[in-house]
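Below, chain A is the first sequence line, B the second, and so on; all start at residue 1. All heavy atoms count here, side chains included; hydrogens, waters and symmetry mates do not.
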Amino acid sequence: MARLRLYDTLTRETREFEPRAPGIARVYLCGPTTYDAPHVGHARSALAPDVLVRRLRRHGYQVTYVRNVTDVDDKILARARERGEAPLELSARMAGVYQEQMRALGCLDPEVEPRVSQHLPEIVALVSALIAQGHAYELEMPGGTHDVYFAVRSFAGYGRLSRRKLDDLVAGARVERDDSKRDPLDFALWKGAGRDEWGWESPWGWGRPGWHIECSAMSEKHLGFGFDIHAGGMDLVFPHHENEIAQSEAAHPGCGAMASYWLHNGFVNVDKEKMAKSLGNFVTVSDVLERNDPEALRAFLLGVQYRGPVQFDTEKLADGRVVFPGVDEAERRVDYLYAAERRLRDAFGGAMTVPAKLPPELLATRDAVSAAAKAGDEALDDDLNTPVALASLGEIARLGNELADLAWKRRKDAGFVGAASVVARSAHVALRRLADDLGLLRAPAEEYAARTRQRRLSRRGLREADVAARVLARDEARRQRDFTASDRLRDELSAAGVTLRDGPLGTEWSLEP
RNA sequence: GGCGAGGUAGCCAAGCGGUUAGGCAACGGUUUGCAAAACCGUCACACGCCGGUUCGAAUCCGGUCCUCGCCUCCA
């Protein structure tokens with residue numbers, strides 16, 4: 001197996017993954033601040049590390065995957081006040097939604113999902129250590145409370161990740177002058193708060209941790225200082241990850257880098273603009289899952305390499321409902337993959353006489369399947385190139401269909417069918433393996449068909465029994481070769497969104513996404 | 001202003017120095033009572049624009065136009 005290659009934001013190069021400890025990979029993802037339901041952008045940032053973790057496991061690494069939840073934050077406080085809810089109650093509820101929806105999208109559960117509210121002692125200890133080492137200082141604020149700031153100029157490497165020069169940052173119009181801080185770029189490690197406010201006790205009085213310190217404290221707690229891969233959205237490069245590096249590495253002088261690889265996923269754009277809560281143009285995961293299957297959203301997002309931007313188009317129907325054409329397209333593709341998988345699995349059942357030698361056309365199919373499987377595997381090793389892997393998966397499915405067609409045409413030739421079944425079995429294994437690497441085709445094909453059928457029926461206001469009865473009536477007319485009647489019934493069904501397929505084993509029906 | 005990403009055939013999207021990426025749509029064909037599905041083929045010698053390097057560039061270099069992002073909360 002080839003080596004896994006990853007693009008590292010810090011060095012701006014793609015290089016082979018080298019674990020710090022042989023056979024072990026430690027991954028940290030900056031998860032969401034849970035004040036609201038996750039949107040499609042959050043899904044994408046969880047998906048990229050999920051594919052990474054699957055890949056690392058495929059390479060035999062024992063992976064520890066930590067995905068944090070920021071459950072202490074001013075936005076949470078503000079939202080909780082609006083709702084008259086306790087902040088931690090709100091954030092716990094939203095964290096639950098996030099976890100449940102990421103699971104629905106096929107993201108493997110992380111080993112640890114740490115929360116800020118459960119790591120106050122670690123945060124306080126880290127801030128204290130930074131003060132002791134002269135990297136941070138305490139300031140009394142006008143209200144009598146105390147803040148602690150990180151002194152960016154005390155850390156020589158500041159700006160390396162985002163390639164920013166301190167003086168450029170100061171020159172930037174958006175840095176607010178705050179004369180109380182030693183340097184306008186210094187950022188808060190601890191923000192003092194009034195006794196009646198949400199907070200915790202600390203050596204600097206009552207207050208809450210700053211935004212960046214929690215990831216330094218939690219990654220160290222669960223992975224130790226100096227781990228393999230740190231992931232997150234592009235927007236976290238500066239200041240969040242820059243600040244994490246400063247805090248963590250300043251606290252561990254002479255211990256090397258905080259992380260060996262920094263992976264940053266691109267955004268999900270709506271009408272060419274970044275999807276963001278602040279812009280109000282976001283589509284929640286629930287919005288999509290109301291209409292589409294979770295695997296469709298997953299396939300859609302994996303259709304673009306994780307670092308590039310994803311265009312998420314929305315379309316308003318005449319009746320006011322909003323649909324997602326790209327996800328619909330991906331869903332049809334998932335239908336296709338499941339159908340092919342099912343054919344490969346089922347169409348060759350029964351005892352077969354296995355020939356000693358495969359006919360040449362089957363030999364070619366077998367080789368083509370191997371080539372596609374290899375291409376998909378190599379694509380994933382090349383900085384998680386999921387679009388190419390998806391194309392390879394489609395190629396295997398196509399070859400499987402071709403094989404099934406061929407076997408059907410020559411069904412009277414037992415020797416050929418036996419040989420085809422041997423090839424089909426290996427194609428099925430290849431399909432399943434690559435699908436697993438992508439986190440697709442996770443359900444039995446029947447279950448997928450049933451759940452998508454139910455959703456599509458209810459969206460159209462149809463009842464399964466009614467449709468089945470009409471299909472049966474049409475089948476009856478057809479059997480009596482009354483094609484005028486059967487075609488009329490089929491047209492009616494088609495107008496209702498039901499597509500019929502007359503096969504050798506009877507008529508099947510399905511609904512478009 | 002500083003830093004960064006990107007512009008690929010109707011649409012989505014790989015490739016990043018030399019052999020067809022792939023998907024969707026559209027249109028032919030095989031198949032079918034007719035369809036659908038599946039399979040085959042066409043659309044596709046496409047790569048923002050102008051120069052340069054090279055035997056050869058979508059891929060490298062220089063310039064230029066446009067889009068987007070970060071620098072404030074953001075995945």
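A:E508 comes within 4.0 angstrom of no nucleic acid atom, judged by non-hydrogen atoms across all strands. A:D74 comes within 4.0 angstrom of nothing in the nucleic acid, heavy atoms only. Residue contacts for A:V237: at a heavy-atom cut-off of 4.0 Å it reaches no nucleic acid atom on any strand shown. At the heavy-atom level, A:H240 lies nowhere under 4.0 Å from the strands shown. Heavy atoms of A:R163 sit under 4.0 angstrom from primed sugar atoms or phosphate atoms, though from no base atom. Here A:G266 lies in heavy-atom contact (under 4.0 Å) with a base. As judged by a 4.0 angstrom heavy-atom cut-off over every strand, A:K272 is placed among residues touching the sugar-phosphate backbone only. Looking at heavy-atom distances under 4.0 Å, A:G394 makes no contact with the nucleic acid at all. Heavy atoms of A:G326 sit nowhere under 4.0 angstrom from any nucleic acid atom. Residue A:E395 is out of contact with every strand shown, counting any heavy-atom pair closer than 4.0 Å. The residue A:L236 sits close only to the backbone: its heavy atoms come under 4.0 Å of sugar-phosphate atoms, none of a base. Nucleic acid contact for A:R307: none, since no nucleic acid atom lies under 4.0 Å from a heavy atom of the residue.
Between A:D183 and A:R153, at least one side-chain nitrogen of the basic residue sits less than 4.0 Å from a carboxylate oxygen of the acidic one, meeting the salt-bridge criterion. Here A:K165 does not pair with A:D167 in a salt bridge; the nearest charged N to carboxylate O distance is not below 4.0 Å.
Ring-plane geometry between A:W262 and A:H230 is classed as parallel, the angle between the planes falling under 30 degrees on a 0 to 90 degree scale with a further cut at 60. Using cut-offs of 30° and 60° on the angle between ring planes, the pair A:F312 and A:F300 is perpendicular.
Remark: A:R474, A:R478, A:R481 in residues 468-481 of chain A come within less than 4.0 Å of RNA chain B through at least one heavy atom. Contacts of residues 328-340 of chain A with RNA chain B (heavy atom under 4.0 Å): A:E329, A:R333, A:Y336.
Nucleotides B:U8 and B:A13 place their C1' atoms 9 Å apart, quoted to the nearest Å. Comparing the P positions of B:G22 and B:C40 gives a spacing of 11 Å, expressed to the nearest Å. Rounded to a whole angstrom, the distance from the C1' atom of B:U20 to that of B:A46 is 13 Å. Taking the P atoms as reference points, B:A38 lies 24 Å from B:A44, given to the whole Å. The C1' atoms of B:C43 and B:C24 are separated by 13 Å, rounded to the nearest whole Å. B:U64 and B:C73 have their C1' atoms separated by 36 Å, with the value rounded to a whole Å.
At a cut-off of 3.5 angstrom, counting only N and O atoms as typed in the model, there is no donor on one side facing an acceptor on the other between the side-chain of A:R44 and the base of B:A75. A donor and an acceptor atom sit less than 3.5 Å apart, one in the side chain of A:D487 and one in the base of B:G33. A donor and an acceptor atom never sit less than 3.5 Å apart when one is taken from the side chain of A:D313 and the other from the base of B:C11.
The CZ atom of A:R501 sits 12 Å away from the P atom of B:A36 (whole-angstrom rounding). Summarising the geometry, the separation between CG on A:L390 and P on B:C12 is reported as 17 Å, rounded to the nearest angstrom. Atom pair A:Q311:CD and B:G6:P shows a separation of 14 Å (rounding to whole Å applied). Taking atom CG on A:D405 and atom C1' on B:A36, their separation rounds to 14 Å, with Å as the unit.
When both distances must be under 3.5 Å, the Watson-Crick or G-U wobble mate of B:U19 does not exist.
With sequence neighbours excluded, the residues forming a side chain to side chain contact (heavy atoms under 4.5 Å, CB included) with A:R332 are A:D328, A:E329, A:E512, A:P513, listed by chain and number.
Side-chain N or O atoms of A:T386 include one that pairs as donor or acceptor with a backbone N or O of A:L302 at under 3.5 Å.
When only modelled atom types and interatomic distance are considered, A:Y65 and A:D50 share no side-chain donor-acceptor pair under 3.5 Å.
By the 5.5 angstrom centroid cut-off and the 30-degree plane limit, A:F483 is classified as stacked against the base of B:G33.
Nearest nucleotide to the A:E402 side chain, out of B:A75, B:G69, B:C39: B:C39.
Each of A:R307, A:R3, A:R15, A:R55 was compared with A:D383 under the salt bridge (Lys or Arg N to Asp or Glu O under 4.0 Å) criterion, and only A:R307 meets it.
Residue A:N385 places no side-chain N or O under 4.0 Å from the OP1 or OP2 atom of B:A14.
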